[in-house]
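Numbers restart at 1 for each chain; the letters A, B, ... are given by sequence-line order, proteins then strands. Since the model is a prediction, treat every value here as computed from it, not as a measurement.
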Amino acid sequence: MSGPIRIAFPDGSMREFPSGVTGLEIAESISASLAKAAVALDVDGTLTDLTRPLTQDCAIKIVRRDDEAALELIRHDAAHVMAEAVQQLYPGTQVTIGPSIENGFYYDFARETPFSSEDLEKIEQRMHEIVDRGETFTCEVWDRKEAIAFFEEKGEVYKAELITDLPESETITVYRQGEWLDLCRGPHLPTTKHVGHAFKLMNVAGAYWRGDSSRAMLTRIYGTAWRNEKELQAYLTMLEEAEKRDHRKLGREMDLYHFQEEAQGSCFWHPKGYTIYLALEAYIRRRLRDAGYVEVKTPQLIDNKLWVASGHWGKFRENMFVVPDEVPNTEDEGPVISGEANLMALKPMNCPAHIQIFNQGIKSYRDLPIRMAEFGCCHRNEAHGALHGLMRVRQMTQDDAHIFCREDQITQEVKAFVELFYACYRDFGFEEIQIKLATRPEVRAGSDEVWDRAEKAMADALEVLGLPFEYAPGDGAFYGPKYEFHLKDAIGRSWQCGTCQLDFVLPERLGATYIGEDGAKHRPVMIHRAILGTLERFIGLFIENCAGKLPLWLASVQCVVATITSDADGYARQVHDALRAAGIRAELDLRNEKINYKVREHSVQKVPAMFVVGKREAEERTVAIRRLGEQAQNVVGLDKAIGDLALECQPPY
RNA sequence: GCCGCAGUAGCUCAGUGGUAGAGCAACGCAUUCGUAAUGCGUGGGUCGGGGGUUCAAAUCCCUUCUGCGGCACCA
C-alpha cells in the first residue's frame with residue numbers, strides 16, 4: 001500500500017489515515033458508540049459500504065442508521081431480504097431487480113404462479129426471521145464470465161442477462177447475506193439486522209421486464225420500509241388520509257361528477273361539478289385575454305386528409321377515434337359500416353385546426369406573434385388500463401393555445417408563457433411544481449438539426465428564468481421538445497398538467513407562412529402551450545390538493561342559508577334572495593330538521609359558509625355565520641355579511 | 001393493451017351450495033328544536049352480463065364487461 005491519505009470530516013477537520021482504511025475503522029477511531037451506530041459511509045457525496053477500503057484523499061461523512069441518508073439503504077436491503085425470503089419459500093422463482101424507491105422498495109420476480117395476499121403475509125414473516133438472523137452483508141468482486149455462468153447454472157436467466165448487458169468497464173459485484181447472494185452494485189448496511197422491523201409488504205403488481213411491453217411480464221412486490229415503527233405508522237396513516245381525498249370518492253360524495261361504463265373515460269359533469277368547471281374556465285379565459293390571446297373554436301370531426309398532412313395519422317393514429325364518413329347501414333342484417341368509406345377522426349389535438357385559421361389570408365411579420373386559444377374538446381383513445389378518474393380521460397378539454405411567432409420571438413414568448421403559468425399556479429396555491437424538459441423521441445418528425453435548435457432554445461429560456469428543471473430524454477412530442485409541468489396527487493403520484501412545446505415541424509407540414517420584412521415567405525414557429533393542461537385533470541388534482549374544500553370562488557355552493565325553526569322561513573328567503581342578487585351561489589335549507597343536522601350535512605358537503613337564521617336573526621336583521629371547519633359563530637348584520645362574502649367570492653383574477 | 005384483485009340496494013359493506021341482509025340515504029308520519037346525525041314506520045335487488053355444473057348457484061366452473069392497484073403509454 002502507498003502512503004497515508006487525507007480524510008476530510010464534515011466539521012472541516014482533516015486527518016491522515018493509512019491507505020486502505022475503512023469507514024468502520026475511522027468510526028472506531030472516533031468512538032465506539034459511533035462505530036456501533038454507523039451503517040455506511042458518504043465518500044465525496046456517494047454512499048459506500050462501511051467496510052470498503054479508502055485509497056485516496058476524500059471528504060467523508062459517517063452515516064448512522066438514524067440519518068435520513070440511511071433510509072435508502074434500509075429500503076434497498078429490505079428488497080434483498082424480501083428476495084431471499086421469496087426464494088426460500090418459493091424455490092424456482094427467479095430474481096431480477098429490486099431497487100429502493102420513494103417510501104419503500106420493490107422486487108421483480110419471475111414465477112409461473114402469481115403471489116396472493118396470503119403469500120405476502122408469509123413472505124413478510126420470513127423477512128422478519130431473516131432480519132433477526134442478522135447475517136453480515138459481504139461484497140465480493142466476481143469475474144464477469146464466471147458470474148454469468150454461475151447465474152445461468154442456477155437458472156437465473158434474467159440476472160445473467162443483466163450482467164451480459166453491463167458495460168465492460170463495470171466491476172461485477174455480488175453481495176452475500178449468509179447462504180443467499182445477489183448481483184448488486186451496493187452499497188449495503190453492515191448486516192440484515194440493521195434493516196429493522198419497520199417494514200410492510202404493500203401489494204403485488206405486474207411489471208414488464210426492463211420496462212418493455214414486448215417482453216415478459218414479471219411479478220412485482222411493493223413494500224414500504226422506515227427507520228422505526230413510528231415512521232412506518234405515520235406513513236400508513238398518511239395513506240389512509242390520502243384515500244379520503246381521492247377525487248373520485250369526493251366527486252361522488254359532493255355530487256360533482258360521475259363516470260359510467262357506457263362512456264368509459266369520459267366525465268358526466270353534474271351541476272355542482274360543472275359550476276367549478278365553468279368558474280375555472282372563466283378564470284383562465286380572463287387570464288388569456290389579458291395576456292394578448294384571441295379565442296377560436298374549431299371542428300370536432302376532421303377528414304383524415306388533414307391528419308395525414310399533419311403527421312398525426314402516421315405518428316398518433318393509435319390514440320385517435322376514427323369515424324367513417326358514410327351513412328350507416330340501417331338493415332338488420334349486414335355490417336353497419338361498409339369499411340370502404342373515407343375516414344374522419346375526432347380531433348385528438350387542436351393544433352392542425354389552428355394552423356388552418358392561421359393560413360386563411362396572408363400574414364405579415366407585423367401580425368406576429370398570434371396567440372390563438374381554444375377550449376377545444378379533444379378525444380384520445382387511451383388504453384383501458386390507463387384510465388384513471390379525471391386524471392386520465394378519453395374526452396378532455398385543454399386550456400390550449402398556439403402561439404405563432406418568428407424565431408427571434410421564441411425566447412420572449414416562452415418566457416412570457418412561463419411567467420403567466422406561475423402567476424396562475426400561485427392563484428391555486430400549488431407549491432410543488434416540477435419542470436421537465438422532454439427531448440426528441442425515437443418516433444419523430446423533423447431533422448436532427450431542427451431538434452438541436454429547438455431543444456437548445458427551450459433549455460436557454462428556463463435558464464434565463466432561473467428555474468430548475470430535469471431532462472426527460474425521449475419524452476418529447478413527435479413534432480418538438482416540450483416542458484412538462486408536473487403536479488402530485490393525494491398519494492404522491494405525479495401528473496403532467498401544463499405544457500409548452502416548441503414546434504418547427506407542423507407549420508412546415510401544413511404550409512404556414514408569413515411575409516417577412518424582406519418581402520419573402522417565412523415559416524412561423526409554433527408554440528403549443530397549456531397552463532392548466534386539461535380542465536379535467538387539473539380539477540381532479542385541485543380537489544385532492546384541497547381535500548374537497550374548494551376556495552370560495554370555485555366552490556359550487558358558496559353559502560347555505562339554514563333556518564333553526566320555520567318561524568324564520570320568510571326572513572331566510574329574503575337572505576337567500578339578497579345573496580343571489582349579490583352574485584353569490586347560495587342555497588336555502590328550510591327543511592324541518594334540527595340545526596345540528598343541517599350543520600353536519602352542509603359541512604360534510606364542504607359548503608364554505610353557512611348563514612344560520614332563527615327568530616333572533618329575523619328580528620335583528622342579522623345572520624349567524626358559520627364557516628366550514630370552524631366551531632365559532634359570528635353574528636353579523638345582513639348587509640355587511642353579504643358584502644363581505646361577495647368580496648371573498650371574487651376570483652383571484 | 002399486460003399482470004393481479006374486485007363487482008351484492010343510491011352509498012359503505014355482511015352474506016362459502018338450501019326463502020337476499022345491515023347501517024346511512026330515499027319516502028311517510030310525528031317532532032319546531034340555537035350550530036357536525038330527533039324518533040317511529042315504509043318501499044327499494046335480474047347479487048355486473050352471458051354460458052355451464054347441480055334437485056338447488058350471490059356462493060362452484062368457463063367466458064365477457066367494468067372498476068381498483070401497478071406496468072406500458074400519456075395531458
Parallel, tilted or perpendicular: rings of A:H402 and A:H354 (30°, 60°):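 The arrangement is perpendicular - the two ring planes meet at more than 60°.
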A:Y422 ring center near A:Y425 ring center (under 6.0 Å):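 No, ring centres 6.0 Å or more apart.
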A:F316 ring center within less than 6.0 Å of A:Y479 ring center: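 Ring-ring flag for A:Y479/A:F316: false, centres at least 6.0 Å apart.
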5' priority, RNA chain B, between A:A383 and A:A477 [closest heavy atom]: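 That would be A:A383.
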First encountered from the 5' end of RNA chain B, between A:M217 and A:D475: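 Looking at RNA chain B, the more 5' nearest nucleotide goes with A:M217.
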Describe the nucleic acid contact of [X] in one word from base, sugar-phosphate, nothing, applying a heavy-atom distance below 4.0 Å.
X: A:R626; value: base
X: A:G533; value: nothing
X: A:K598; value: nothing
X: A:S213; value: sugar-phosphate

Under-4.0 Å side-chain N/O to phosphate OP1/OP2 contact, [X] with [N]:
X: A:R394; N: B:rC74; result: no
X: A:K482; N: B:rA75; result: yes
X: A:R248; N: B:rC68; result: yes
X: A:H602; N: B:rU35; result: no
X: A:R591; N: B:rC33; result: no
X: A:Q264; N: B:rU66; result: yes
X: A:R493; N: B:rG69; result: yes

Distance between [atom1] atoms of [N] and [M] (Å, rounded):
N: B:rC60; M: B:rA37; atom1: C1'; value: 43 Å
N: B:rC5; M: B:rU64; atom1: P; value: 16 Å
N: B:rC13; M: B:rG48; atom1: P; value: 15 Å
N: B:rA25; M: B:rC11; atom1: C1'; value: 7 Å
N: B:rG45; M: B:rA22; atom1: P; value: 14 Å
N: B:rU46; M: B:rG41; atom1: C1'; value: 29 Å
N: B:rU32; M: B:rC47; atom1: C1'; value: 43 Å
N: B:rC61; M: B:rU12; atom1: P; value: 26 Å

Going by heavy atoms in the side chains, are [X] and [Y] under 4.5 Å from each other?
X: A:E281; Y: A:L535; result: yes
X: A:R215; Y: A:Y208; result: no
X: A:E587; Y: A:D589; result: no
X: A:V95; Y: A:Q87; result: yes

Considering only [options], which nucleotide approaches the side chain of [X] most closely?
X: A:Y222; options: B:rG70, B:rA72, B:rG34; value: B:rG70
X: A:A205; options: B:rC71, B:rG69, B:rA36; value: B:rG69
X: A:M396; options: B:rA75, B:rC71, B:rG34; value: B:rA75
X: A:Y208; options: B:rC74, B:rC2, B:rG34; value: B:rC2
X: A:A386; options: B:rG70, B:rU35, B:rC73; value: B:rC73
X: A:R600; options: B:rA37, B:rU35, B:rA72; value: B:rA37
X: A:V599; options: B:rA36, B:rG70, B:rG34; value: B:rA36
X: A:S566; options: B:rU32, B:rC74, B:rG4; value: B:rU32
X: A:A624; options: B:rG34, B:rC74, B:rG70; value: B:rG34

Watson-Crick or G-U wobble partner for [N], using a 3.5 Å limit on both distances?
N: B:rC74; value: none
N: B:rU59; value: none
N: B:rA26; value: B:rU42
N: B:rG34; value: none
N: B:rU66; value: B:rA6

Let me know the distance between [atom1] of [X] and [atom2] of [N], rounded to the nearest Å.
X: A:H388; N: B:rA75; atom1: NE2; atom2: C1'; value: 14 Å
X: A:D255; N: B:rG10; atom1: CG; atom2: C1'; value: 11 Å
X: A:E261; N: B:rA6; atom1: CD; atom2: P; value: 19 Å
X: A:D400; N: B:rA75; atom1: CG; atom2: P; value: 12 Å
X: A:K347; N: B:rA75; atom1: NZ; atom2: C1'; value: 15 Å
X: A:L256; N: B:rG10; atom1: CG; atom2: P; value: 20 Å
X: A:F109; N: B:rG4; atom1: CZ; atom2: P; value: 17 Å
X: A:F485; N: B:rA75; atom1: CZ; atom2: C1'; value: 13 Å

Ignoring hydrogens and angles, answer whether the base of [N] and the side-chain atoms of [X] contain a donor-acceptor pair closer than 3.5 Å.
X: A:R392; N: B:rC73; result: yes
X: A:E382; N: B:rA75; result: yes
X: A:E617; N: B:rG34; result: yes

Salt bridge present between A:D399 and A:R287 (N-O < 4.0 angstrom):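 No, no charged N to carboxylate O under 4.0 Å.
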Closest approach of A:K347 to A:G376 (non-hydrogen atoms, all atoms of both residues):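 Heavy atoms of A:K347 and A:G376 come nearest at NZ-CA, 4.4 Å.
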Audit row: A:I531, A:L288, side-chain contact (heavy atoms from CB on, under 4.5 Å) steps and yes/no: CA-CA 10 Å; A:I531 296 172; A:L288 291 180; 4.2 Å; yes
Backbone N/O of A:I302 and side chain of A:W307: donor-acceptor pair under 3.5 Å: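 Between the backbone of A:I302 and the side chain of A:W307 there is a qualifying donor-acceptor contact (under 3.5 Å).
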Check: A:E72 side chain, A:S100 main-chain N or O, donor-acceptor pair, under 3.5 Å: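 No: the side chain of A:E72 does not pair with the backbone of A:S100.
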Where protein sits on nucleotides 38-46 of chain B, one letter per nucleotide: B base, S sugar-phosphate only, - none, heavy atoms under 4.0 Å: B--------
